[in-house]
Amino acid sequence: MKLPILLIAGLIMFYPVDGLTQSVEGIKSFSRPEGSWKRETQTETEEVKPQQRFYDEAGKFAVDNIVNAEQVFCYEVFPQNEEYNGYTLDGFPIRGFCGVMGEPVRDMIIKYFLSTEGNVLFDQAEQCIIQPKIIIRFVRGVDYTDILISSPCHSFAIFYGGSVHVYNFKPGAAIIDAMLKALSPKHSEFISPSLLNQVLPIGVVQNEQQRKIVNKRSEPIRKWEQKTKAEEAKRAAEEKKNNSGWNKLKMKSFGQN
């Protein structure tokens, strides 16, 4: 199908996330040439607009964050689980980070998810259980809107300001499948951005300094493990000493044959 191929091509246009392989470290590694934010592929008259239904239901601010997003981030998630104690996003356990996404991807989502009539069945609930795969965060200033993508129960949900709106995307199933196929090789282990002192919420170690922060956080555990192993080795040596040598030879008492 031509459409999924175009989507995959757009999704490949990610900014690098592995700071250890870049000549520029940290936040600066995401800098772009001046004016690169402009949508060169579309003129203002051709620019697509989300359907009014999304404005009415999700709200103007939620949709504006998507349309005018300055940064777009992708996270892999698991289904909600009350026993999970790790990092979450919108209540979903985070399993990994899948990329800093470029404007072409943002525009693709606006066009095919929010603007193309027929891709969304507004008044028909999909008869299946949502299986969350990824959450795409659209950041504008300090505000943001999240879109949760589900498959094989093809649907998406818009999270904003504590509200959530779910939409049946069954007619656009091929689009979601193409997205997930393109994003699967982008997986990176997620680490708390706050722990790494990152302004951008990527959650991936960007340089050696951040790696030291992660390693330092693990030091108490490592020291405890090392201390435990040292104590065990000391005890083992003492036991070996006490059970060997002349003082432990079993000698017969005087007068015994």
### Query
So do F138 and I136 actually touch side chain to side chain, heavy atoms under 4.5 Å?
yes
### Query
Can you tell me if CD on Q52 sees more than 12 non-hydrogen neighbours from other groups inside 6.0 Å?
yes
#### Entry: Side-chain heavy atoms of D123 within contact of R53, under 4.5 Å
yes
#### Entry: Residues Y144 and Q71: side-chain donor-acceptor under 3.5 angstrom
no
### Message
Measuring only between side-chain heavy atoms, which start at C-beta, is E117 closer than 4.5 Å to Q51?
### Response
yes
### Task
Identify the heavy atoms of C74 and M101 that sit nearest to each other, and give their distance.
CB-SD, 3.8 Å
### Query
Out of D146, D143, I147, which one pairs with Y160 under the side-chain contact (heavy atoms from CB on, under 4.5 Å) rule?
D143
### Query
Cut-off 3.5 Å, side chains only: do H154 and D177 have a donor facing an acceptor?
yes
### Task
Give a yes or no on whether the backbone of G141 and the side-chain of E70 come within a donor-acceptor separation of less than 3.5 Å.
yes
### Query
Hey, mind stepping through F78 and F92 against ring pair (Phe, Tyr, Trp, His ring centres under 6.0 Å) and telling me if it holds?
CA-CA 6 Å; F78 287 111; F92 296 92; over 10 Å; no
### Message
If we ignore hydrogens and angles and just use 3.5 Å, is the side chain of S150 paired with the main-chain N or O of F156 as donor and acceptor?
### Response
no
### Task
Answer with yes or no after comparing the ring centroid distance for Y167 and F113 against a 6.0 Å cut-off, counting only values under it.
no
### Task
For the residue pair F97 and Y75, categorise the inter-ring angle as parallel (less than 30°), tilted (30 to 60°) or perpendicular (more than 60°).
perpendicular
### Query
Any side-chain heavy atom of S155 within less than 4.5 Å of one from N168?
no
### Message
Looking at Y84, I'd like to know if its OH atom is crowded, meaning that more than 12 non-hydrogen atoms belonging to other residues, nucleotides or ligands lie closer than 6.0 Å.
### Response
yes
### Query
So do T145 and F159 actually touch side chain to side chain, heavy atoms under 4.5 Å?
no
### Task
Using modelled atom types only, decide if a donor and an acceptor are shared between the side chain of N119 and the backbone of Y112 within a distance under 3.5 Å.
yes
### Axial cation check for F73 ring with R137, 6.0 Å and 45° limits
no
### Query
Got P79 and Q131 here, is their nearest side-chain heavy-atom distance under 4.5 Å?
yes
